[in-house]
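Every chain is numbered from 1, with letters handed out A, B, ... down the list of sequences.
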Amino acid sequence: MPELPEVEITRRGIEPHIVNKKISSAVIRTNKLRWPFPPALSSKLSGHKILSVARRAKYLLLTTDNGTLIIHLGMSGSLRIVNTSTPAQAHDHFDLIFGKKLMRLHDPRKFGAVLWVKGDPAKHSLLASLGPEPLNNPQFNADYLYACARNRRISIKEFIMNAKVVVGIGNIYASEALFAAGIHPARSASRISLQRYEVLVSAIQSVLSQALQHGGTTLRDFTREDGRPGYFRHELKVYGRTGQPCIHCRRPLRAIKIGQRTSTYCSHCQR
DNA sequence: CAAAGGTCCTGCTCGC
DNA sequence: TGCGAGCAGGACCTTT
């Protein structure tokens, strides 16, 4: 599910329900997700108040007066705010309980993660070497991407999906941004001009912003904190549309594998 | 059997 | 030869 727009929609959804609230306890119902849960997690959290709900890349950062809970939604994770009386379903792995309400992590594929860090979360090993945020960040610009792409043989699609280059862009939004920019997904990152990187930066920002406005993309697992879906799926121009006509030239969209991931594109409009 | 929204880790290759 | 950076592939897990 979750690329930057979905994680940010989740952040905005849960924030008003949990910020400044005191954690009663935490419940863990599975052995591990991508990694084991932090030891004695409930005792680290119980009795402490959530001071802020932030996002860095696709990580949610719930900072308390005792440390920061880091949550990653992996490929299929979602968070819901429900009443404490709501019974847990299959794949409901983790609850953070606040009196009568709780925040519940649901993740069928278990590629997500719940981690704990004392002190500055930006120094956590998983966050320390992340690239720039793509939205509202002057550091993310064409000069930066162009410089970063020198001597890189990989495709532009793998390049912008690499979190060390820029964070938040996964398979859906990489496909959409490259279509919007008219760049073939398999083109080498080092063989794109500065001028075309200007177009690509704008396309990435535009696609992510529009997805945010539509509440993200729901294909199957993603829901907002109240269970509603995101509606950007209806705005997708290439992702999931293999064989259907390009909205510009009407030629059928093609699919290729790039770095193990399906990439849908228009061979006429993207070069 | 193949694929699905992510990303870390391992081991290899390449160039200085 | 040695070293670091870049890169490809595998791994994790469940459902459709």
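Checking B/dG6, C/dG6, B/dC8 against every side-chain atom of A/Arg152, the shortest atom distance belongs to C/dG6. The side chain of A/His72 lies closest to B/dG6, out of B/dC8, B/dG6, C/dT14. In this structure, the nucleotide among C/dC7, B/dG6, C/dG9 sitting nearest to the side chain of A/Gln260 is C/dG9. Comparing C/dT14, B/dG6, B/dC8 by their closest approach to the side chain of A/His91 singles out C/dT14. The side chain of A/Lys32 has C/dC12 as its nearest neighbour among B/dG6, B/dC8, C/dC12. The nucleotide whose nearest atom lies closest to any side-chain atom of A/Tyr239 is, among C/dC7, B/dA4, B/dG6, B/dA4.
Under a hydrophobic-cluster definition in which Ile, Leu, Val, Met, Phe, Trp and Tyr are linked whenever side-chain heavy atoms come within less than 4.5 Å, directly or via other members, A/Val201 and A/Met161 are assigned to different clusters.
A/Arg153 places its CZ atom 11 Å from the C1' atom of B/dC12, with the value rounded to the nearest Å. As rounded to whole Å, 14 Å separates atom P of B/dG6 from atom CZ of A/Arg55. Between the C1' atom of C/dC13 and the CE atom of A/Met75 lies a distance of 10 Å, rounded to the nearest Å. The nearest whole Å value for the distance from the CE atom in A/Met161 to the P atom in C/dC7 is 15 Å. Rounded to an integer number of Å, the gap from CD of A/Glu3 to C1' of B/dA4 is 12 Å. To the nearest angstrom, P of B/dG6 lies 18 Å from CD1 of A/Ile71. As rounded to whole Å, 7 Å separates atom C1' of B/dT7 from atom OH of A/Tyr59. Atom CG of A/Leu105 is separated from atom C1' of C/dT14 by 15 Å (rounded to the nearest Å).
Between the side chain of A/Arg187 and the main chain of A/Arg191, a donor-acceptor pair closer than 3.5 Å is present. Under the 3.5 Å distance criterion, the side-chain polar atoms of A/Tyr144 are matched with a main-chain donor or acceptor of A/Val165.
The aromatic ring of A/Phe111 sits over the base of C/dC12, with ring centres less than 5.5 Å apart and planes tilted by under 30°.
Here CD1 of A/Ile192 is found 11.5 Å from NE2 of A/His184. Values are rounded to the nearest 0.5 Å. Here the CD-CD1 distance, from A/Gln270 to A/Ile183, works out to 8.5 Å after rounding to the nearest 0.5 Å.
Across all strands, A/Arg233 comes closer than 4.0 Å to no nucleic acid atom at all (heavy-atom distances). Across all strands, A/Leu126 comes closer than 4.0 Å only to sugar-phosphate atoms, never to a base (heavy-atom distances). Nucleic acid contact for A/Phe159: none, since no nucleic acid atom lies under 4.0 Å from a heavy atom of the residue. Among the atoms of the strands shown, only primed sugar atoms or phosphate atoms (P, OP1, OP2) are found under 4.0 Å from some heavy atom of A/Ile154.
Phosphate contact (OP1/OP2 of B/dG6, side-chain N/O of A/Arg109, threshold under 4.0 Å): absent. Dashed line: the shortest gap from a side-chain N or O of A/Lys110 to OP1 or OP2 of C/dC12 is not under 4.0 Å. For A/Lys257 and B/dA4, the shortest distance from a side-chain N or O to OP1 or OP2 is below 4.0 Å. At the phosphate of B/dA4, OP1 or OP2 sits under 4.0 Å from a side-chain N or O atom of A/Thr262. Note on A/Arg261: every side-chain N or O is 4.0 Å or more away from OP1 and OP2 of B/dT7.
Residue side chain A/Arg34 reaches the base of B/dT7 through a donor-acceptor N/O pair under 3.5 Å, judged by distance alone.
Across C/dG10 and B/dC1, the matching P atoms stand 16 Å from one another, rounded to whole Å.
As the counterpart of C/dC13, no nucleotide is assigned, since no Watson-Crick or G-U wobble pattern has both distances under 3.5 Å.
Geometrically, A/Arg55 does not engage A/Tyr59 in a cation-pi contact defined by less than 6.0 Å to the ring centre and at most 45° from the axis.
Considering A/Ile23, A/Val27, A/Leu105 as possible partners of A/Leu96, the one that fulfils the side chain to side chain contact (heavy atoms under 4.5 Å, CB included) test is A/Ile23.
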